[in-house]
**Q** 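The structure is given below, and queries will be raised subsequently.
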2 protein chains.
Amino acid sequence: MFTKQELKEFCDNARLNYLDHISIDCVIFGFHEGQLKVLVLKVKGEDAWYLPGGFVLKKEPLDTAANRILKDRTGLDKIFLQQFHVFGDPDRSRPHNEMYRDLIPPEENWFSHRFLTIGYYALVDFVHANPTPDSHSEMCAWRDLNDLPKLELDHGLILKTALDTLRLQLNYQPIGYNLMPKEFTMPELQKLYETILGQKLDRRNFQRRMLGFGILNRLDRPRKGGAHKAPYLYSFDLKNYQDALKEGLKGGW
Amino acid sequence: MFTKQELKEFCDNARLNYLDHISIDCVIFGFHEGQLKVLVLKVKGEDAWYLPGGFVLKKEPLDTAANRILKDRTGLDKIFLQQFHVFGDPDRSRPHNEMYRDLIPPEENWFSHRFLTIGYYALVDFVHANPTPDSHSEMCAWRDLNDLPKLELDHGLILKTALDTLRLQLNYQPIGYNLMPKEFTMPELQKLYETILGQKLDRRNFQRRMLGFGILNRLDRPRKGGAHKAPYLYSFDLKNYQDALKEGLKGGW
DNA sequence: CACCATGGTGTATTTATAACACAATACTAT
DNA sequence: ATAGTATTGTGTTATAAATACACCATGGTG
């Protein structure tokens with residue numbers, strides 16, 4: 001993965017610029033052709049897959065770092081991105097800690113210590129994202145949730161936790177603005193929900209519920225060209241959408 | 001707060017044993033006499049208040065560290081304790097970073113860098129907790145939520161975030177096992193919910209809802225000695241309670 | 001022993017959720 | 001053309017949950 005020289009340079013640079021022992025890993029969800037996708041990276045010359053991640057600059061806010069990582073991997077900015085958990089098992093980064101053990105002495109090896117990672121998850125527009133590998137990856141690609149490679153370290157757990165969080169979030173926050181194109185039909189939006197939740201929903205009740213939230217505008221023209229009855233197009237009412245994000249869709253109590 | 005000698009010893013010890021740049025802060029909630037309480041610490045000889053906190057041993061899991069801190073401050077163990085957010089503003093610990101700037105050189109000063117803190121919140125039994133100050137505090141005390149001293153650093157924000165999380169949690173998880181005594185009456189439990197939520201609830205609907213969850217056992221004896229009709233005593237059905245904790249009280253969708 | 005504050009239980013009303021039916025549309029096959 | 005078919009739009013009904021409110025029971029007080 002790294003030659004000795006590369007490693008030394010990376011470590012010297014990292015020690016100077018990044019917070020020690022801290023990383024950020026991002027679970028970046030996209031939606032395409034009825035499938036929920038996740039962005040994953042493949043290491044150069046190895047069959048090893050990771051979530052996009054990175055480190056925190058010494059004076060950089062955490063959210064800014066996560067946004068920077070997101071932008072580096074997708075080109076996208078100003079998007080729903082949320083911290084959801086810290087993963088800090090003492091052994092979680094052991095494979096990495098030991099990977100370079102014999103290459104350079106531990107005191108020069110920035111990776112020789114335990115790392116905590118802060119998990120963020122993002123919902124992004126599949127078609128506008130431009131997956132871009134980082135310097136030690138040969139590939140940055142969308143993978144279907146049902147067709148994932150085994151992820152290294154605890155990245156499988158991180159992904160699962162993000163998905164659980166997303167499903168929970170669906171109960172009290174609007175979802176979709178960043179995952180759907182600007183204009184979309186109700187069946188397309190429903191497909192997104194069904195995919196995230198992993199279950200079928202009733203078409204008519206779904207529509208009533210969505211419209212009830214007041215976050216959708218119906219455009220007075222249909223999507224043409226389909227093989228059947230042309231569905232109406234909708235767009236999100238951004239103002240109401242963001243109000244709902246703050247408030248939570250329903251109160252409870 | 002520290003003499004130069006004390007500081008040096010602390011730093012040498014910390015560098016050896018703890019993860020750098022990481023702390024844990026705990027928002028420990030208790031409930032007593034109809035009031036929601038939070039455990040806070042007062043620094044020796046200063047009018048400065050903090051949330052209970054501490055550091056993570058080099059090979060210690062995060063949850064274990066949080067439990068250790070909780071036990072050190074309250075004597076209590078095996079209690080609802082949950083990570084809820086990481087606070088990582090680059091300036092959040094600046095007052096601390098600068099506090100000892102002139103006392104010892106930065107390379108010897110463990111506090112000279114930015115700290116991230118992982119927020120945990122706990123719900124504990126007020127009467128069984130034994131508030132115990134740590135080494136640099138003169139006092140560890142319960143304070144009413146409505147009568148809080150100004151907290152140092154971003155501890156006010158940490159507390160507020162914990163409270164928001166707790167209120168949200170109330171919608172889909174059972175609460176109360178660790179906050180209530182073993183046996184309690186329905187009005188007492190209701191008071192807890194009202195206090196957390198900051199609003200009145202209907203007595204009869206509250207009772208129906210709670211019983212509907214199936215997490216309460218009614219003991220066939222009343223609480224005697226009150227000035228009015230004696231209410232029944234209840235206890236939590238621990239098995240069902242823990243099942244509900246896992247499942248979430250309601251599904252949504 | 002009437003009074004009263006509180007607790008236990010029951011019942012309407014309203015609201016939300018779930019289940020289901022039918023008409024309209026636009027392409028396909030013949 | 002035209003019947004067939006898959007899909008969408010828009011209901012209506014049935015069920016369950018949340019809310020609001022009424023009444024009786026109890027155990028102390030004056």
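FYI, side chains are in, hydrogens and waters are out, and symmetry mates aren't considered; it's all heavy atoms of this structure. Just so it is clear: chains get the letters A, B, ... in the order the sequence lines come, proteins before strands, and each one is counted from 1.
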**Q** If I take atom CZ in residue B/Phe206 and atom P in nucleotide C/dG8, what distance separates them, rounded to the nearest angstrom?
**A**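 Computing the B/Phe206:CZ to C/dG8:P distance gives 12 Å.
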
**Q** Which nucleotide wins on minimum distance to the side chain of B/Arg203, given the candidates C/dC20, D/dT10, D/dA22?
**A**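 Closest of the options to the side chain of B/Arg203: D/dA22.
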
**Q** What is the distance, to the nearest angstrom, from the CZ atom on A/Phe184 to the P atom on D/dT8?
**A**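 Spelled out: CZ on A/Phe184 to P on D/dT8 is 15 Å.
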
**Q** Please report whether the ring centroid of A/Phe184 lies less than 6.0 Å from that of A/Phe236.
**A**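 Aromatic pair counts; centres sit under 6.0 Å.
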
**Q** Is the phosphate of D/dT8 approached by A/Gln207 (side-chain N or O, under 4.0 Å from OP1 or OP2)?
**A**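 Checking A/Gln207 against D/dT8: no side-chain N or O falls below 4.0 Å of OP1 or OP2.
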
**Q** How many whole angstroms separate atom CG of B/Asp202 from atom P of C/dG10?
**A**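 In whole Å, C/dG10 P and B/Asp202 CG are 16 Å from each other.
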
**Q** Is the distance between the ring centroids of B/Phe213 and B/Tyr241 under 6.0 Å?
**A**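 Centroid separation for B/Tyr241 and B/Phe213: 6.0 Å or greater.
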
**Q** Taking the six-membered ring for Trp, are A/Tyr120 and A/Phe84 ring centroids under 6.0 Å apart?
**A**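 Centroid separation for A/Tyr120 and A/Phe84: 6.0 Å or greater.
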
**Q** So, under a plain 3.5 Å distance rule, would you say the side chain of B/Arg218 forms a donor-acceptor pair with the base of C/dG8?
**A**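 Check fails, no donor-acceptor contact within cut-off.
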
**Q** Where each residue is assigned the nucleotide of DNA chain C containing its nearest heavy atom, which of B/Pro187 and B/Asn205 is assigned the position nearer the 5′ end?
**A**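 The residue mapped nearer the 5' terminus is B/Pro187.
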
**Q** Just the rounded figure in Å: distance from P of C/dA18 to CG of A/Leu201.
**A**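 Rounded to whole Å, this separation is 9 Å.
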
**Q** Do we see a donor-acceptor contact under 3.5 Å between the side chains of A/Glu183 and A/Tyr232?
**A**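 Not at all, the side chains of A/Glu183 and A/Tyr232 share no donor-acceptor pair under 3.5 Å.
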
**Q** In whole angstrom, give the distance that lies between atom CG of B/Leu211 and atom P of C/dG7.
**A**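 B/Leu211 atom CG is separated from C/dG7 atom P by 15 Å.
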
**Q** For residues A/Gln190 and A/Asp202, report the shortest heavy-atom separation together with the two atoms involved.
**A**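 In terms of heavy atoms, the two residues are closest at NE2-C, 4.0 Å.
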
**Q** Could you tell me how far apart A/Tyr232 (OH) and D/dT7 (C1') are, to the nearest whole angstrom?
**A**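 That distance rounds to 14 Å.
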
**Q** Tell me: CD of A/Gln190 to P of D/dG9, nearest whole Å?
**A**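 Those two atoms, CD and P, are 11 Å apart.
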
**Q** Nearest to the side chain of A/Arg204 - C/dA21, D/dG9, C/dA5?
**A**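 Nearest to the side-chain atoms of A/Arg204, counting from C-beta on, is C/dA21.
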
**Q** Where the side chain of A/Lys229 is concerned, which of D/dT8, D/dA20, C/dC20 is the nearest nucleotide?
**A**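 So the side chain of A/Lys229 is nearest to D/dT8.
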
**Q** Round to a whole Å and report the spacing from CE of A/Met186 to P of C/dT25.
**A**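 Distance, rounded to whole Å: 19 Å.
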
